[in-house]
Visitor: 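Please see the structure below; I have some questions.
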Amino acid sequence: MLVNWLKRIGTYLLVLLGLSILVFIIGRVIPGDPARQALGPRAPEEVVQALRVEMHLDKPYVTQYVLWLKGALKLDLGKSLMTRRPVIEDVKEFLPATLEIVSISALLMAVGGILLGILSTKYSDSWLDGIIRVISYLGIVSPAFVWAIIFMLVFGYNLPIFPTTGRIGLTITAPPTVTGMYTIDYLLNGDIVGFKDALAHLVLPSIALMLGGLAQAARITRSSMTENSTKDYILAEQAYGIPERKILFNYLLKPSLIPTVSVLSLDMASLFGSAFLVEQLFNFPGLSRYGMQAMLNKDLNAISAVVMILGIVFIIVNIFIDIVVAYLDPRVRLMGGGN
Amino acid sequence: MKRRILALLLAACMIFSLAACTPGGNSAAPANTPSNNTETEKPKQDDMLSIIRMTSDWPTYFDPAVGSDFSDSITMINIYDPLVFPQIDGSVAPHIAKEWMISEDGLTYTFKIRDDVKFHSGNLLKASDVAFSMNRMLAIGEGYAYLYKGVVKEAVATDDTTVVMKLEKPFGPFISSLIRFMIVEEKLVMEHLDKSTNTYGEFGDYGKQWLLTHDAGSGPYFAKEVKLEEYVLGEKFEDYFLGWEENAPKYFKLSGAVEPVSVRTAMANKELEITDEIQPLENYNTMDTFEGVDLVAYESGTNMNLCLNTKKPPTDDIHFRKAMAYAFDYETVLQQIYPGAKRCHGGVPGILPGANRDIVPYEYNLEKAKEELAKSKYANDPSKWNITMSWCAEVPEQEKIALLLQANLAALGINIEITKKPFGSMIADAQTIETTPNASLVNNSPSYFEAGAMLKTRYHSSSTGTWEQMEWLQNDEVDAMIEDALATTDREERMEKYKKIQVVINDLCPTLWLFDWVEKRAAQVGYIDWNPYKYLKEGKSFVYPMGYSLYVRDMKVYPEKR
């Protein structure tokens, strides 16, 4: 088992290395001079050249990459051309905001999706199943940014009940930083007004983000449960007269969740990708919005940092899901701790 | 079972540890108060009714030695004070400088400084602060420093209220250019130098890092809260040396939320008072239907140009260029692509002092176009010359202009090969004659508010090889005329010289001057007073250099009318 995990960690490290090379190459082939872009078209050439030297842009690509990698291993991700400060400072500020929004979305997506799937199975072919099916189809076919625009127009414009921009209101003081996630920090600080305000700012973006994944989870849970419900062991349990509710939750749900959990793992990771546009639309100052601005401004160090962090998050989510799958499926555990 | 639960908990911790291991999450939001405490009180709910909220493209650098973009300029003019202040007729008036004297040779400018101006810190503004600000700007070389580098040799304070600036060579528009020179407090900046770097020698980082999120100014508002990548919140500086009128806004907030749906929603909910100038046309039209919201459109001194490479066949032939100029359908652009824009009279936007409005612009006239083409050395077979044309990928509307030109020139048998390029690539292409396309679509703005700014950067040989002059005009006569005009310190005489230069350039036809840009914004005129709107209603002519139309001190807010 230990060997298996070591192998896996080695693979993940290789993936990260490959990712860093890929991002580095892509960053360099995009047309345009980052130093010139940062200082503006009218900046004197000597000033632009000085910035190129400071950023090592005057050195060969291989040297640039080695210098970047050395720095990254020491958590020195270079300086952002956009915010003009160390990228690690930006990450410290923006990552918690994205983790907060994505965590809430992931939680809603997993709980809501599985719950809807169970309801859909239990009331199969009823009106409730029909409604859930329609919601699921709509969720699957519409990208998160479309929901973001719809929510903003409906709940920000027609029925203005939720705030549509930023993390907290202008009159609310930010909490003392513990985790950087405002809702948690407000609670730790015992500030209920701040907590409510921060939560209200999370409602629309997090729902917009999670709808696609929720719909998928609901559909897969339903089809998996429907398929398993005709298996012999379920029929045997029914023949023994075990109550339906017990069969549903104790014997049918657990094995049916394995494909759902696998799909949820991918969906959770893709939440970070969808957050790029959703954060932009809600002017939510998270890492994804920062990443998008970095790409538009050709801020090479910031782009590399964002992509690498997303890569690491993706790997962590995968490890987490492997553990959950191993918990749900004894066969996986017997094979050595993961699929 | 215990091991499984432990494993699950560990995995969950791995995710949350990413956040937990990143303390200091709010590090980018230190704020200023007039006394420069880093602790700040949040605005109260009632006070928030006296606020002007605006949007602008991000990021914002309001350190006067660093910023020069639209949002930078808006923030700077509200937080800092310039030496002189622009007037709506295009001239400048004393501001921090009470008066000035220019030496006979035009090389020495002596400014008398007001003695009643306080910085936000409470300290008095002195001549030494002015000299320090200029020297700091020249040393850093970013932002608006391009206006003064190679022009100002040194700035020295001779006493508390006198500062002397020596120039490298006579520069007539020097006073006009000083609307971009903002004054920082020397003492405060020196207290916040980052000496861990020696970028500027003994000055370390010259306070750049600190001024990213703090201010050292004396302007009508102080930076109360700065959220990098999000917004700048300014609060009224009660001790402002020019005082305050009733209903002047207590706060201003400039935010980077320019997404059309966000802007529209905020305007509908009265959570935004003035929009940015880069919204799609349909968004402006929708906002115009909101109660209390009106569109305000005014000329900004920017024009849209199709730059023709005068050193590359076939656009090296003056008659070929004129044929193109007569073949283009300008009216369609003004009516359908950029409604509200103004027709150009030559290469200098009409509202700039020194613009020659008597120049008769090239008009669509196919007969004249054919006549000119017949005179050109490429008359025999124009179709064998493939004209290369680039348009800027960041401005999608330009594609319509490119396609229109392609259709227009087809009537003359001229082919155009259109390429969409990121602005960064266009800058790279502009570096040599060979890589510069025959035609390039570019917006140009003056660096200071005078025709000379446009003439120097657009048509003087010193700017060839940059995106600002893709024409490669390299005309000795034009160069000499521009140098002579810029060295003229008498304003009226200088303006006359500018006008003559425009006639010469117009005749050379190096550019298709498509239109003068109109800056368009939606504003909550139902409960705010905003001068551009007022002047438009009164039919009064006015001009504002970039950013100055959003000088919040001149605005009024009436919370009871909301």
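All of these numbers come straight from a predicted model, not from anything done at the bench. Each chain gets a letter, A, B and so on, in the order the sequences are listed, and its residues count up from 1.
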Visitor: Heavy-atom distance under 4.5 Å to chain A: side chain of Lys253(B), backbone, both or neither?
Guide: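 The answer is the side chain of Lys253(B).
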Visitor: Is Glu291(B) atom CD crowded by more than 12 heavy atoms from other residues, nucleotides or ligands, each under 6.0 Å away?
Guide: no
Visitor: Counting only non-hydrogen atoms closer than 4.5 Å, does Tyr231(B) touch chain A with its backbone (N, CA, C, O), its side chain (CB onward), both, or neither?
Guide: side chain
Visitor: Contact part of Thr164(A) toward chain B, heavy-atom cut-off under 4.5 Å: side chain, backbone, both or neither?
Guide: side chain
Visitor: Look at the rings of Phe155(A) and Phe162(A) and say which category their plane angle falls in: under 30° parallel, 30 to 60° tilted, over 60° perpendicular.
Guide: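 Ring orientation, 0 to 90° scale: perpendicular.
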Visitor: Thinking salt bridges, do Arg167(A) and Glu279(A) make one under a 4.0 Å N-O criterion?
Guide: no
Visitor: What residue in Leu281(A), Leu39(A), Leu51(A), Ile149(A) has the most heavy-atom pairs under 4.5 Å with chain B?
Guide: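 Ranked by heavy-atom pairs under 4.5 Å with chain B, first place is Leu281(A).
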Visitor: If you measure from the Lys or Arg side-chain nitrogens to the Asp or Glu carboxylate oxygens, is any gap between Asp90(A) and Arg85(A) under 4.0 Å?
Guide: yes
Visitor: Taking atom types as modelled and ignoring hydrogens, do the side chains of Gln469(B) and Thr457(B) form a donor-acceptor contact shorter than 3.5 angstrom?
Guide: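 Absent: no donor and acceptor within the cut-off.
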Visitor: Salt-bridged, Glu142(B) to Lys208(B), with N to O below 4.0 Å?
Guide: yes
Visitor: What is the ring orientation for Tyr182(A) with Tyr186(A), classed by angle as parallel under 30°, tilted 30 to 60°, or perpendicular over 60°?
Guide: perpendicular
Visitor: Under a 4.0 Å threshold between the charged nitrogen and the carboxylate oxygen, would Lys298(A) count as salt-bridged to Asp33(A)?
Guide: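 No, Asp33(A) and Lys298(A) are not salt-bridged.
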Visitor: Tell me, for Ile140(B) versus chain A, whether the close heavy atoms (under 4.5 Å) come from the side chain, the backbone, both or neither.
Guide: backbone
Visitor: Under 4.5 Å heavy-atom distance to chain A, tell me which part of Ser262(B) shows up: side chain, backbone, both or neither.
Guide: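 Answer is both: backbone and side chain atoms of Ser262(B) are under 4.5 Å from chain A.
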Visitor: Which region of Arg36(A), side chain (C-beta onward) or backbone (N, CA, C, O), has a non-hydrogen atom less than 4.5 Å from a non-hydrogen atom of chain B, or is it both or neither?
Guide: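 Answer is side chain: those atoms of Arg36(A) sit under 4.5 Å from chain B.
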Visitor: So which residue, Glu100(A), Arg289(A), Gln293(A), ends up with the most heavy-atom pairs under 4.5 Å with chain B?
Guide: Arg289(A)
Visitor: When only pairs under 4.5 Å are counted, which of Pro160(A), Ala97(A), Ala43(A), Gly156(A) shares the most heavy-atom pairs with chain B?
Guide: Gly156(A)
Visitor: Just say parallel, tilted or perpendicular for the rings of Tyr157(A) and Phe290(B), cut-offs at 30° and 60°.
Guide: tilted
Visitor: Which region of Glu45(A), side chain (C-beta onward) or backbone (N, CA, C, O), has a non-hydrogen atom less than 4.5 Å from a non-hydrogen atom of chain B, or is it both or neither?
Guide: neither
Visitor: Which answer fits Leu287(A), side chain, backbone, both or neither, if we ask what part of it has an atom under 4.5 Å from a heavy atom of chain B?
Guide: neither
Visitor: Of the backbone (N, CA, C, O) and the side chain (C-beta and beyond), which part of Gln280(A) lies under 4.5 Å from a heavy atom of chain B, both, or neither?
Guide: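 Gln280(A) touches chain B through backbone and side-chain heavy atoms alike.
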Visitor: Answer with side chain, backbone, both or neither: which region of Ser463(B) has an atom nearer than 4.5 Å to a non-hydrogen atom of chain A?
Guide: neither
Visitor: Which atoms of Ile172(A) are under 4.5 Å from chain B, going by heavy atoms: the side chain, the backbone, both sets, or neither?
Guide: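 Backbone of Ile172(A) only, per the 4.5 Å heavy-atom cut-off to chain B.
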